[in-house]
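Right, one structure below, let's go through it.
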Amino acid sequence: MCEDSTMVSPSVAVVEVLDSTTDGKKYITSEELRKHNKPSDLWISIQGKVYNVTEWSKIHPGGDIPLLNLAGQDVTDAFIAFHPGTAWQHLQNLFTGYHLKDYQVSDISKDYRKLASEFSKAGMFDKKGHGVIYSLCFVSLLLSACVYGVLYSTSVAIHMLSGALLGLAWMQIAYLGHDAGHYQMMSTRGWNKFAGIFIGNCITGISIAWWKWTHNAHHIACNSLDYDPDLQHLPMLAVSSKLFQSITSVFYGRKLTFDNLARFFISYQHYTYYPIMCVARVNLYLQTILLLCSKRRIPDRAYNIMGTLVFWTWFPVLVSCLPNWPERVAFVLVSFCVTGIQHVQFTLNHFAADVYVGPPKGNNWFEKQTSGTIDISCSSYMDWFFGGLQFQLEHHLFPRLPRCHLRSISPIVRELCKKHNLPYTSLSFYDANVTTLKTLRTAALQARDLANGAPQNLVWEAFNTHG
């Protein structure tokens with residue numbers, strides 16, 4: 001499931017349930033397909049044709065997580081979302097020779113696929129606009145002003161302003177890194193990879209390999225408590241009391257333990273939410289280091305390590321140019337606090353949306369994106385500040401679509417949701433903050449009730465928050 005043209009021939013597996021018809025095709029049922037859901041025996045279906053991706057998953061540029069999460073299922077909608085039209089011609093190398101006997105397409109999937117086809121024919125996936133150029137110029141200006149303020153001013157106020165400019169630059173760079181990670185920034189995959197490592201690892205210190213590893217899983221399993229890493233923040237945060245059951249994270253392969261320490265932190269999470277977001281960047285640095293030092297297969301590990309070392313060279317040097325330690329600490333904190341606004345924005349898109357436990361399903365992929373995603377409404381002149389990702393549902397449905405088109409397709413997506421009686425949640429930045437705090441407060445009070453031996457007293461609040 002990627003846009004790389006290199007494919008691996010599938011190994012032949014034994015099929016227990018097989019039916020041949022007069023049309024000369026060989027068929028298996030969805031029940032039989034579901035049996036092939038292991039790393040050593042991994043099959044998927046795309047438009048009713050069955051593919052063996054066991055070996056391909058080991059070299060999949062998007063990682064093995066998306067394939068493993070959807071193993072044994074029809075994944076047509078997800079495949080369409082994440083792959084260009086050129087990817088279809090490479091699937092034949094993975095074809096098992098079998099078709100799905102009971103293959104069906106829901107009405108919402110038909111409309112979604114039709115819409116994706118129309119966008120593709122209009123060339124919207126290739127028309128990137130000038131947003132990247134503007135963003136690069138803006139980032140260059142911010143970084144230059146930051147460096148100038150640190151090196152050529154003795155004013156404490158200017159030094160703090162420089163820290164704020166650095167934080168703002170990191171915010172804009174994150175949007176560019178996001179574009180590069182989704183192959184939206186440059187014209188080729190190679191240049192997108194270079195851009196991701198340069199602006200991600202070198203300038204922000206956050207590995208593009210780490211980002212792609214977690215972000216692909218998030219897109220596929222949006223708001224699954226045990227499959228989506230973007231909701232797995234114990235012991236500091238919990239968006240649902242279901243996390244109090246110490247569920248196992250399929251993504252990290254470990255139990256998310258809800259112990260006394262977690263109960264203490266979560267009991268006050270509606271107060272600590274913003275302070276945590278102010279220093280959330282520290283966790284991203286730690287996650288980057290842990291991944292790059294792990295035994296996990298990491299694409300371009302050497303380049304990611306070198307890029308990260310570049311960051312940990314220039315950033316300490318810049319901070320050391322400040323005259324004393326109080327200013328250095330304040331400079332770092334100011335830069336982190338400004339980028340904390342972006343961490344808040346990203347959590348607003350999902351924390352207060354519906355959650356579930358279990359793996360993602362290929363046959364309700366569209367529905368899960370709508371129920372687990374919240375848009376942030378704002379005027380068009382604020383698009384630069386949110387990086388276009390305030391249209392989070394539109395981005396989740398069409399992750400390859402350049403952000404310059406997200407506002408224009410928003411009315412179309414809204415009408416599609418209305419047609420099929422699906423939620424389209426769009427809140428102001430203020431209302432999204434209030435809703436998120438209510439969600440965190442509900443879970444906090446439930447955690448306190450657990451400590452007091454009354455775990456179900458506030459269950460009505462959970463229903464009020466998560467439906």
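In this chain, numbering begins with 1 at the start of the sequence shown. Since we're looking at a predicted model, the values are computed, not measured.
The backbone N or O of G362 sits less than 3.5 Å from a side-chain atom of Q73, completing a donor-acceptor pair. S428 contributes a side-chain N or O that, together with a main-chain N or O of D431, makes up a donor-acceptor pair within less than 3.5 Å. Within the 3.5 Å criterion, the main-chain N or O of S249 finds no donor-acceptor partner in the side chain of R254. Side-chain atoms of K438 never come within 3.5 Å of backbone atoms of A352 as a donor-acceptor pair (strictly under, hydrogens ignored). Within the 3.5 Å criterion, the main-chain N or O of M171 finds a donor-acceptor partner in the side chain of Q342. The closest donor-acceptor contact from the side chain of Q269 to the backbone of L440 lies under 3.5 Å. Judged purely by atom type and a 3.5 angstrom limit, N223 has no side-chain atom pairing as donor or acceptor with the backbone of D228. At distances below 3.5 Å, not a single donor-acceptor pair connects side-chain atoms of Q89 with backbone N or O atoms of A87. Here the side chain of S294 pairs a donor or acceptor atom with the backbone of L291 at under 3.5 angstrom. Proximity of a side-chain donor or acceptor of Q172 to a complementary backbone N or O of W384 within less than 3.5 Å is detected.
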Check against ring-ring contact (aromatic ring centres under 6.0 Å, His included), F79 and Y51 = CA-CA 12 Å; F79 184 86; Y51 301 93; 8.1 Å; no

Take Y285 and W170, measure what ring-ring contact (aromatic ring centres under 6.0 Å, His included) needs, and give me the verdict at the end.
-> CA-CA 13 Å; Y285 293 146; W170 280 338; 7.1 Å; no

Go through the steps for L143 and L166 under the test side-chain contact (heavy atoms from CB on, under 4.5 Å), then give the verdict.
-> CA-CA 6 Å; L143 290 176; L166 178 59; 3.8 Å; yes

side-chain contact (heavy atoms from CB on, under 4.5 Å) assessment of F258 paired with R263 | CA-CA 7 Å; F258 182 74; R263 181 182 293 110; 3.8 Å; yes

ring-ring contact (aromatic ring centres under 6.0 Å, His included) between Y381 and F385, intermediate numbers included | CA-CA 8 Å; Y381 67 82; F385 183 78; over 10 Å; no

CA sep, side-chain torsions, deciding dist, call: S224, D226, side chain to side chain donor-acceptor pair (under 3.5 Å) = CA-CA 6 Å; S224 167; D226 48 344; 2.9 Å; yes

Steps toward side-chain contact (heavy atoms from CB on, under 4.5 Å) verdict (L427, I374) = CA-CA 7 Å; L427 305 174; I374 295 175; 4.1 Å; yes

T76/S109 under side-chain contact (heavy atoms from CB on, under 4.5 Å): CA gap, chis, key distance, verdict = CA-CA 9 Å; T76 305; S109 287; over 6 Å; no

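Ring pair W365/Y112 is tilted by interplanar angle, where 30° to 60° counts as tilted. Under the 30°/60° scheme for interplanar angles, the aromatic rings of H218 and H350 are found to stand perpendicular. Taking the six-membered ring where the residue is Trp, H178 and H215 present perpendicular rings, their angle passing 60° and hence far from 30°. Taking the six-membered ring where tryptophan is involved, the planes of H60 and H83 are essentially parallel, since the angle between them stays under 30° and well short of 60°. Taking the six-membered ring for Trp and thresholds of 30 and 60 degrees, F251 and W213 have ring planes inclined between 30 and 60 degrees apart. In this pair, H233 and F351 present their aromatic rings tilted. The plane angle is within the 30 to 60° band.
Few gaps surround CG on D259; more than 12 heavy atoms of other groups in view lie less than 6.0 Å from it. No more than 12 heavy-atom neighbours from other residues, nucleotides or ligands sit within 6.0 angstrom of CH2 on W191. Counting heavy atoms of neighbouring residues, nucleotides and ligands inside a 6.0 Å radius, atom OH of Y274 exceeds 12 of them.
A donor and an acceptor atom, one from each side chain of Y273 and T347, are located under 3.5 Å apart. Side chains of T373 and Q392: a donor-acceptor N/O pair is absent below 3.5 angstrom, by distance only.
Side-chain contact between N433 and L348 is present, with at least one heavy-atom pair separated by less than 4.5 Å. Side-chain contact between I199 and T204 is absent, with no heavy atoms from C-beta onward closer than 4.5 Å. By the 4.5 Å heavy-atom criterion applied to side chains, F315 and V332 are counted as neighbours. In this structure the side chain of V156 reaches within 4.5 angstrom of the side chain of E327, judged on heavy atoms. L176 places a side-chain heavy atom less than 4.5 Å from the side chain of V132. Contact check for H395 versus L401: no side-chain heavy atoms found under the 4.5 Å cut-off. Taking the side chain as every heavy atom from C-beta outward, I46 and I80 never approach each other to under 4.5 Å. Looking at heavy atoms from C-beta onward, P359 lies in side-chain contact with K361 at the 4.5 angstrom threshold.
With respect to R296 and D64, a salt bridge is recorded, a charged nitrogen being found less than 4.0 Å from a carboxylate O. Ion pairing between a basic and an acidic side chain is recognised when a charged N comes within 4.0 Å of a carboxylate O; E118 and K121 show no such pairing.
Taking all atoms of both residues into account, the shortest heavy-atom contact from S162 to G149 is OG-CA, 3.4 Å. A pairwise comparison of heavy atoms in Q345 and Q390 identifies NE2-N, 4.1 Å as the closest pair. Across N304 and D300, no two heavy atoms sit closer than the pair ND2-O, 2.8 Å. Shortest non-hydrogen contact noted between T54 and P39 is CG2-O, 3.3 Å. Considering all non-hydrogen atoms of both residues, R407 and C378 come closest at NH2-O, 3.1 Å. Nearest approach of A443 to F244, heavy atoms of both residues: O-CZ, 3.3 Å.
If you take SG on C293 and CD1 on I298, they are separated by 8.5 Å, rounding to the nearest 0.5 Å. For the atom pair OH of Y252 and OH of Y227, the computed distance is 15.5 Å after rounding to the nearest 0.5 Å. Taken from CG in L67 to CG in L42, the straight-line distance is 6.0 Å, to the nearest 0.5 Å. Note that CH2 of W314 and CD1 of I203 are 7.5 Å apart. Values are rounded to the nearest 0.5 Å. L225 CG to I247 CD1: the interatomic distance, rounded to the nearest 0.5 Å, is 5.0 Å. Remark: M124 CE to I409 CD1 distance equals 6.0 Å, nearest 0.5 Å.
Residue pairs that meet the ring-ring contact (aromatic ring centres under 6.0 Å, His included) test with at least one member in residues 404-431, sequence neighbours left out, are F386-F429. Among residues at least two apart or in separate chains, there is no side-chain hydrogen bond (donor to acceptor under 3.5 Å, both in side chains) pair with a member in residues 141-157.
A cation-pi arrangement, defined by a distance under 6.0 Å to the six-membered ring centre and an angle within 45 degrees of its axis, is present between R448 and Y268.
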